[in-house]
Asker: 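This is the structure I want to talk about, given as structure tokens.
Only a predicted model underlies this, so the values are computations on that prediction, with no experimental measurement involved.
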Amino acid sequence: MMVEMTDVETIGRRKYTVILGLALLFASLPLIMVYFVLIASSFANTMLTGASLGGIKLTIENWILFFQGKLTTTAGKIYETTDILKYILNTFIVAIGVAGICTLTSTLAGYAFSRIKFIGRSFLMQFLILLHAFPGVALIIAVYSIYVYTKLSMPQSFWTAYAFIYVIIARAALEVPMSIWIMKGFFDKIPWEIEWSAIVDGASRIRVWREIMLPLVKPGIAAVAIFSFLAGWEDLIYVLVFLPPTEKTLATYIESLLAEGSLEFIHLPVVAAAGTFYLLPTILFFIFARRLMLQTATGGIKA
Amino acid sequence: MVRIKLDKVTKQFGKVVAVNNVSLEIPDGKLAVLLGPSGSGKTTLLYLIAGIYKPTSGRIFFDDNDVTHLSPSQRNVGLVFQNYALYPHMTVYDNIAFPLRLKKVPKNEIDKRVQEIAEMLRIRELLDRYPSQLSGGQQQRVALARALVKNPSVLLLDEPLSNLDALLRIYIRTELKRLQKDLGITTVYVTHDQSEAMAIADSITVINNGVIQQVGTPSEIYDNPRNIFVATFIGNPPSNIIRGVVERQNNGRVCIKVANGVFYPDEILSGKIVKAGIREVIVAFRPEHVIVAKEPLKDHLAIEGEIYAIEPLGRETIITITIGSDIVKSVSMVKEALTVGEKIFININPKRIKLFDPETELNIEYLE
């Protein structure tokens with residue numbers, strides 16, 4: 001009997017791809033359905049709760065209400081307006097603040113860990129892992145006591161601003177160890193010769209860092225910026241603890257909507273819109289960052 | 001252009017001595033090759049000249065200026081790395097212009113010089129490309145252009161041909177030699193490839209374990225190796241090596257027994273052996289000086305052996321012969337038909353034989 005010859009590898013791959021794909025689909029189906037319900041509900045006149053879709057109308061009213069800040073009702077269709085734009089802005093302030101601090105410190109520290117020999121370097125590297133492993137919640141009492149202590153020495157008019165600065169720094173501190181590790185990895189990949197070459201050409205160390213090294217670790221910087229932005233964007237506990245009750249972020253606001261007792265005052269599809277909006281950065285970053293992170297500038301170096 | 005002088009330079013990395021008490025002078029405008037196996041310290045020595053490494057002790061001079069404590073840029077050296085180390089995010093033009101921009105050369109002057117050097121190295125049409133879009137040979141030219149554009153007083157090349165394919169290597173080798181002569185720039189060229197060194201060098205410095213083994217012109221190094229290391233490192237295949245026993249004769253001279261053969265060194269050599277009281281020697285001779293014949297030749301060191309393998313290379317043939325447990329290689333144009341396993345004689349003209357003291361590994365000719 002004649003058997004058609006095929007590349008061994010190809011047969012295996014195709015089979016596995018189908019099986020793997022199906023397995024992943026089934027495994028993630030519950031998660032996909034939850035997100036689908038969330039996103040679909042934000043465009044519906046009522047919350048999708050069952051399999052039947054009868055009587056459901058497509059609408060963007062939820063989104064309009066969300067941006068107007070009309071999420072909670074006092075009676076019937078009369079809404080209590082919240083300053084949702086301020087909350088969105090707050091979320092951005094925290095997220096961008098965390099991303100900024102993380103990116104700056106980790107590109108500097110990552111370079112140092114990768115390139116400069118100093119006493120305690122390997123100990124510190126290991127210590128960073130330990131720091132990263134500590135859950136942020138475990139530290140919150142100590143962090144809070146420092147907060148209260150330092151806050152009292154500030155003028156009262158500065159307290160709100162200080163709360164923001166504090167929450168940004170405290171949250172960034174949790175992200176910095178991992179970010180340094182990521183950046184160190186990217187710097188490690190650049191051959192010494194490139195740096196030496198620039199030094200021989202007459203560049204100072206700082207200039208080498210700025211003009212040669214930074215452009216080459218762009219994908220790393222993007223990765224760190226995205227991860228730390230999302231960490232800031234998603235943070236709940238630190239924002240809840242440190243920001244004054246009047247200053248909410250999307251996370252704490254959505255949480256407060258669902259808090260005990262307030263559930264009966266809200267129109268759930270609008271909250272679904274809020275939830276979907278809250279997901280947006282993650283979705284956007286996934287789309288754009290995927291290619292960015294895979295793309296590393298190589299060439300001009302032969303190993 | 002400058003003369004480079006190293007004065008008792010030592011470089012240690014922790015406990016490892018990479019370069020050990022090296023003194024060396026490279027004359028102005030010459031091409032000096034640092035030749036050694038990997039890990040011999042030749043690249044470290046190059047980086048010491050470049051200023052990337054600072055010597056643990058000793059001093060480095062460019063002409064009469066002590067540059068030991070100057071930074072690489074203050075030394076004004078052009079350096080081409082083994083992996084070229086082009087800046088991947090810059091175009092070829094920006095790569096070449098980079099050293100000039102750092103020197104704050106005016107823009108139109110930069111443009112003029114980049115165009116000039118690109119013209120000279122025939123890479124003008126590549127100026128807009130990125131390094132990743134270039135072939136190995138092109139990247140190498142760009143690296144060379146970047147090193148030369150700042151008019152360095154010294155050009156340093158670290159294994160510049162090792163990443164190119166064999167044909168391109170021979171072609172670029174010729175180009176490099178010509179370019180160096182045209183520019184008259186003092187050049188230090190690091191390689192582990194002895195044939196490359198022989199072909200390109202004005203002078204070769206053989207290094208092993210961080211210590212200079214011999215400095216000389218290619219023919220000096222080839223014809224008169226100072227020690228066993230140099231004799232066996234240079235040449236392809238390298239020198240053959242067999243132990244020989246010294247026997248005194250009634251006339252005061254010596255004869256040397258090698259396996260089943262015997263030969264008589266000349267008077268001067270014989271005198272040196274007697275004076276140093278050497279009883280055993282290492283006999284070395286080049287494969288191309290081995291005459292394979294069915295009969296022993298007169299006035300030659302003739303040793304009987306058995307053919308182990310025959311490798312025809314077209315222009316010449318490498319014949320491997322076993323003599324007891326020793327292996328001898330011969331490179332020649334074979335006229336007779338030989339077969340593996342055949343008993344033959346290898347014949348070597350005594351004038352071509354080098355003798356080494358097995359203890360010091362030194363060439364006996366070099367003894368006082």
Asker: Drop me the distance from B:Y87's OH to A:E195's CD, to the nearest 0.5 angstrom.
Answerer: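 The CD atom of A:E195 is 10.5 Å from OH of B:Y87, to the nearest 0.5 Å.
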Asker: State whether the number of non-hydrogen atoms from other residues, nucleotides or ligands found under 6.0 Å of B:K112 atom NZ is greater than 12.
Answerer: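 12 or below, so no.
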Asker: Can you tell me how far the CD atom of A:E211 sits from the CE atom of B:M90, to the nearest 0.5 Å?
Answerer: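 Answer for the CD-CE pair, A:E211 versus B:M90, is 6.5 Å.
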Asker: Got a second to check how far A:D201's CG is from B:K150's NZ, nearest 0.5 Å?
Answerer: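 Separation between the atoms: 4.0 Å.
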Asker: Is it the case that over 12 heavy atoms from other parts of the model lie below 6.0 angstrom from the CZ atom of B:F61?
Answerer: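 Above 12, so yes.
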Asker: Around atom NZ of A:K184, are there more than 12 heavy atoms from other residues, nucleotides or ligands closer than 6.0 Å?
Answerer: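 Atom NZ in A:K184 is crowded, with more than 12 foreign heavy atoms closer than 6.0 Å.
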Asker: Checking heavy atoms, do the side chain of B:Y130, its backbone, both or neither come under 4.5 Å from chain A?
Answerer: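 The answer is neither part of B:Y130.
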Asker: Within a strict 4.5 Å, meaning less than it, do heavy atoms of the B:P72 and A:W196 side chains meet?
Answerer: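 Of all side-chain heavy-atom pairs linking A:W196 with B:P72, none is under 4.5 Å.
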Asker: Test of understanding: with side-chain hydrogen bond (donor to acceptor under 3.5 Å, both in side chains), list the residues that count as partners of B:T91, not counting sequence neighbours.
Answerer: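 Residues passing side-chain hydrogen bond (donor to acceptor under 3.5 Å, both in side chains) with B:T91: B:D94.
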Asker: Less than 4.5 Å to any heavy atom of chain A: does that hold for the side chain of B:I52, its backbone, both, or neither?
Answerer: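 B:I52 touches chain A through side-chain heavy atoms alone.
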Asker: Does B:D64 have more than 12 heavy atoms from other residues, nucleotides or ligands lying within 6.0 Å of its CG?
Answerer: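 Atom CG in B:D64 is not crowded, with 12 or fewer foreign heavy atoms closer than 6.0 Å.
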Asker: For B:D128, is the CG atom crowded, meaning more than 12 foreign heavy atoms sit under 6.0 Å from it?
Answerer: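 Result for CG/B:D128: open.
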Asker: Is the shortest side-chain heavy-atom distance between A:I194 and B:P88 below 4.5 Å?
Answerer: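 Of all side-chain heavy-atom pairs linking B:P88 with A:I194, at least one is under 4.5 Å.
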Asker: In Å and rounded to the nearest 0.5 Å, what is the CZ to CG distance from A:R207 to B:L102?
Answerer: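 That separation rounds to 5.0 Å.
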Asker: Any idea which heavy atoms bring A:S197 and B:A85 closest together, and the distance?
Answerer: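 So the minimum-distance heavy-atom pair works out to OG-O, 3.9 Å.
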Asker: Would you name the heavy atoms of B:S73 and A:G202 that are closest together and state the gap between them?
Answerer: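 Nearest pair, atom of B:S73 first, then A:G202: CB-CA, 3.2 Å.
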Asker: Count the heavy atoms belonging to other residues, nucleotides or ligands that lie under 6.0 Å from CD1 of A:I206, then report whether that count exceeds 12.
Answerer: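 Not buried by this count: 12 neighbours or fewer within 6.0 Å.
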